[in-house]
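Right, one structure below, let's go through it.
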Amino acid sequence: MTPFEAPSAARPVVGWWRDAVVYEVYPRSFADSNGDGVGDLEGVRHHLDHLDALGIDAIWLSPFYMSPLADGGYDVADHRDVDPLLGTLDGFDALVADAHARQIRIIVDIVANHTSDRHPWFQDALAAGRGSAARDRYIFRDGDGERPPSDWRSHFGGGAWQRVADGQWYCHLFTREQPDLNWDHDEVRQYFLDTLRFWADRGVDGFRVDMAHTLVKDLAAPLRSQPDLDLHLPLDGSDPLYDRDGVHVVYEGWRRVFDEYDPPRAAVAETWYPTNARTYLYARPSELGQVFDFSLQQCAWDRDQFVAAIRRSLDDHRIAGGGLTWVLSSHDAVRHPSRLALPVAVRPDAWLLSNGTAPHIDPQLAARRGRAATLMMLALPGSAYLYQGEELGLLEVADLSPSSVHDPTWERSGHTVRGRDGCRVPLPWTRAGTSFGFGAGGSWLPQPATWGACSVEAQTGVIGSSLEMYRAALHLRRRLQVADDEVEWQDSGVGIVHFRRANGWECIVNMTAEPVRVAASQVLISSRRLDGGLLPCDAAAWTHAG
Ligand code: GLC
């Protein structure tokens, strides 16, 4: 494998991830090189120049493994091979080599809570029958008469147990095509250590650990009841399924594997509960090093909400001594410009929950707030995760017809949860042409007719465009980012987020309805043009005191 070349002085190898800007590629929707309507790894390779010019440090590739696509690739049938729809292992190696040649690192997804029901292990478990060693790799149980073994619920709606032909049930926290693995089983633990080595040997620089907090469950008989989870309350370690203390032993083992490599491989945990000090335990240097902090995704366009969330995360992360991360958008969330244009009283996940009627938003307002929030996030200490298309200012696609919806949540929720397709619509690359340059054969989800105007081609070189703002901000950030994690809050009045970093770099965000005076000698960048020293509403600026 091509070893990662020593990066320039601007990007030190040791702990590169601590302040990295990582760009999530959802491969099926990024670019399609062979005209079959589905994005692929070769499509990513063809567009590395775009990512290089953008100024990112790493790409996180969402799953590209063998998958029957019951959950957009998060149902993995072979963790060590590329799905033929998306490419080949040789193609993957070429992508890693070409990314490394541009000093862009590659992070891959590890989906360890469950496999696909087509995984050979699960097929064996079905064939081998009750009481077999093959069933022991999963969570098979007898029911209570005709009832499932416990009241556990699936994230995508409905119960978390599926009955098989011989009457036993198996647990699935997601779709029934995603049976949960038994992490009390040595073979399961070893399989994932080997999988990490498989990809690390191929040159990947890091791992994004899917549902990191669910692997270890309390499986002692009788199975404990699942408490009524309030998604807005942090966990405390007492739930039988989530965030159990034992899971940290797994990640200590993974860290030992990461440290076999030079440089050590990086990792980021995904945990889906409101961030608290426990969340950051996954980021301890003895474990994964980073955990997604999703708290910005919970904030409406409200100064106090953002400041409270940032303060809390800064405090919580210090306890664990690991990395700090920020996320505004991802393949699981409503695109942040759309979300931030919702009235403060509306839940930020309202879109996902709505049964087909999207809340109305003003697209101009969404564009302004989305860019301002991005400048705010990029000025914070730590690492920032971007999601493909956010550099283009794409909004959530709100009017996908039920017949084009792919997300399993739509069916499993009995058509009450709309799902995540609205942020997964294939990217527009060109002003015109079939699927706006996504590929020659159309796109697997329909793109809005207006998307040519948001394309990379339409925005390149256009001052004031979203793309040029992202490029300028990312390049500036490389110069400005300091290792110091301190944020000094400035009191600039009601509705104004204003903080200063150790080197005098300041970020001011105007969340009021009026323009606000910026008292700084130097404005480095702003999301809307300043007028006579006034920062318009719904805008952010970076300044320097010096
Ligand atoms: C994670 C992924 C999500 C997937 C789920 C099940 O939350 O980000 O897309 O559906 O895990 O693997």
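Counting starts at 1 for both ligands and their atoms, following the listed order.
For H336 and Y387, the ring centers sit 6.0 Å or farther from each other. Between H155 and W272, the distance separating the two ring centers is not shorter than 6.0 angstrom. Ring centroid separation for the pair H331 and F30 does not come in under the 6.0 Å cut-off.
By the neighbour-count criterion of 12 heavy atoms within 6.0 Å, atom CZ of R118 is sparsely surrounded, having that number or fewer from other residues, nucleotides or ligands.
When heavy-atom distances to ligand 1 are checked against a 4.0 Å cut-off, F156 comes that close only through its side chain, counted from C-beta outward. Contacts between R420 and ligand 1, counted as non-hydrogen atom pairs separated by less than 4.0 Å, involve the side chain only.
For the pair R135 and F140, the cation sits on the ring face: its NZ or CZ lies under 6.0 Å from the ring centre, inside 45° of the axis. Judged by the 6.0 Å distance and 45° axis criteria, R80 is positioned over the aromatic ring of Y191.
Rounded to the nearest 0.5 angstrom, L223 CG and W152 CH2 are separated by 4.5 Å.
A salt bridge links D71 and R420; the closest N-O separation between the charged side-chain nitrogens and carboxylate oxygens is under 4.0 Å.
Using a 4.0 Å cut-off to heavy atoms of R208, the atoms of ligand 1 that qualify are 2 (C), 8 (O). Less than 4.0 angstrom separates some heavy atom of H114 from each of these atoms of ligand 1: 6 (C), 12 (O). Heavy-atom proximity to R424, at under 4.0 Å, picks out these atoms of ligand 1: 9 (O). Distances below 4.0 Å separate heavy atoms of W272 from the following atoms of ligand 1: 7 (O).
Heavy atoms of E24 come nearer than 4.0 angstrom to ligand 1 in no pair at all. Assignment of H155 to the shell around ligand 1 is not supported, since no heavy atom sits closer than 4.0 Å.
Looking only at heavy atoms of the protein, atom 10 (O) of ligand 1 is closest to D71 OD2, 2.6 Å. For atom 9 (O) of ligand 1, the nearest non-hydrogen atom of the protein is D332 OD1, 2.7 Å. Protein heavy atom at the shortest distance from atom 7 (O) of ligand 1 is E270 OE2, 2.7 Å. For atom 5 (C) of ligand 1, the closest non-hydrogen atom of the protein is F174 CE2, 3.8 Å. The protein atom (non-hydrogen) at minimum distance from atom 1 (C) of ligand 1 is D210 OD1, 2.7 Å.
Of the options L241, L173, T115, a side chain to side chain contact (heavy atoms under 4.5 Å, CB included) to D180 is made by L173 and by none of the others.
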